[in-house]
Amino acid sequence: MNKIYVLLSLSLALVVLLTACGGSAAPASYQMTLIDFGFQPNSLTVPAGKSISMTLVNKGSVTHNWTLMSKTVTPPFGPKDQPNVIISKTVDAGKTVTFTFTTPVKPGDYEIICTEPGHLEAGMQATLKVTS
Ligand SMILES: [Cu+2]
């Protein structure tokens, strides 16, 4: 084998390696703003079973949380709903929280609520649209 072929093979190996690394890029990022009393936007569409980065900005005057449910809540939120919580993040007034989580594997509409007493009833509800 002459030098040209060795160089070509090495270049090809490098391209394959770099392409493979490109697949593990930083997760897609999404953002929701929490206000008194609601989520903006009211709906987010995300891919199923993927690791995503979520940023929550609390522009309200009180503590809120972003709670993703596997089953829609019949208010008030209570112990009956606790087993259906997929993930819950609390954000103090004026603060921002960023976290990474894996979206549900099963496509569909998932309810997002704030579980602070009375907040769901006041309108703190949104939808996470999980698509295949
Ligand atoms: Cu709230």
Side-chain angles (χ1 to χ4, degrees):
M1 207 197 276
N2 64 37
K3 274 183 183 171
I4 289 290
Y5 283 117
V6 172
L7 273 177
L8 276 176
S9 306
L10 283 176
S11 312
L12 192 64
L14 193 64
V15 167
V16 169
L17 205 67
L18 288 175
T19 308
C21 290
S24 58
S29 23
Y30 298 84
Q31 184 170 316
M32 261 194 176
T33 299
L34 290 63
I35 57 166
D36 307 337
F37 295 90
F39 296 96
Q40 295 172 337
N42 195 246
S43 169
L44 271 186
T45 302
V46 299
K50 290 275 191 283
S51 176
I52 65 166
S53 169
M54 182 70 68
T55 296
L56 304 174
V57 182
N58 186 348
K59 289 189 177 167
S61 60
V62 295
T63 296
H64 291 297
N65 64 66
W66 187 94
T67 301
L68 182 62
M69 303 297 302
S70 61
K71 270 177 81 177
T72 302
V73 174
T74 302
F77 176 89
K80 68 175 177 19
D81 303 301
Q82 210 67 53
N84 302 324
V85 172
I86 297 171
I87 186 171
S88 183
K89 294 286 175 182
T90 298
V91 193
D92 288 334
K95 301 288 186 196
T96 297
V97 168
T98 299
F99 60 99
T100 299
F101 80 106
T102 301
T103 59
V105 173
K106 195 177 162 212
D109 285 2
Y110 291 78
E111 188 179 35
I112 298 163
I113 63 165
C114 174
T115 65
E116 291 290 331
H119 290 202
L120 170 59
E121 291 83 341
M124 286 204 79
Q125 191 249 19
T127 306
L128 189 73
K129 291 183 173 292
V130 177
T131 58
S132 55

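Just follow the structure's listing: the first ligand is 1, and inside any ligand the first atom is 1. Computed over heavy atoms, backbone and side chain alike; hydrogens, waters and symmetry mates excluded.
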>> Which residue in the set T115, T90, N58 passes side chain to side chain donor-acceptor pair (under 3.5 Å) when paired with N65?
In response: T115

> Is there a donor-acceptor pair closer than 3.5 Å between any side-chain N or O of N84 and the backbone N or O of K71?
Replying inline: no

> Is any side-chain heavy atom of T33 less than 4.5 Å from a side-chain heavy atom of F39?
Replying inline: no

>> So, at under 2.8 Å, which protein N, O or S atoms would a careful student list around the Cu ion (ligand 1)?
In response: H64 ND1, C114 SG, H119 ND1, M124 SD

> Do other residues, nucleotides or ligands put more than 12 heavy atoms under 6.0 Å from K50 NZ?
Replying inline: no

> Distance only, no hydrogens: is a donor on one side chain within 3.5 Å (strictly under) of an acceptor on the other, for T55 and T98?
Replying inline: yes

Would you list the atom pairs, donor with acceptor, under 3.5 Å between side chains in residues 119-126 and any protein atom, with sequence neighbours excluded?
from: H119; atom 1: ND1; to: H64; atom 2: ND1; distance (Å): 3.1
from: Q125; atom 1: NE2; to: E111; atom 2: OE2; distance (Å): 2.9

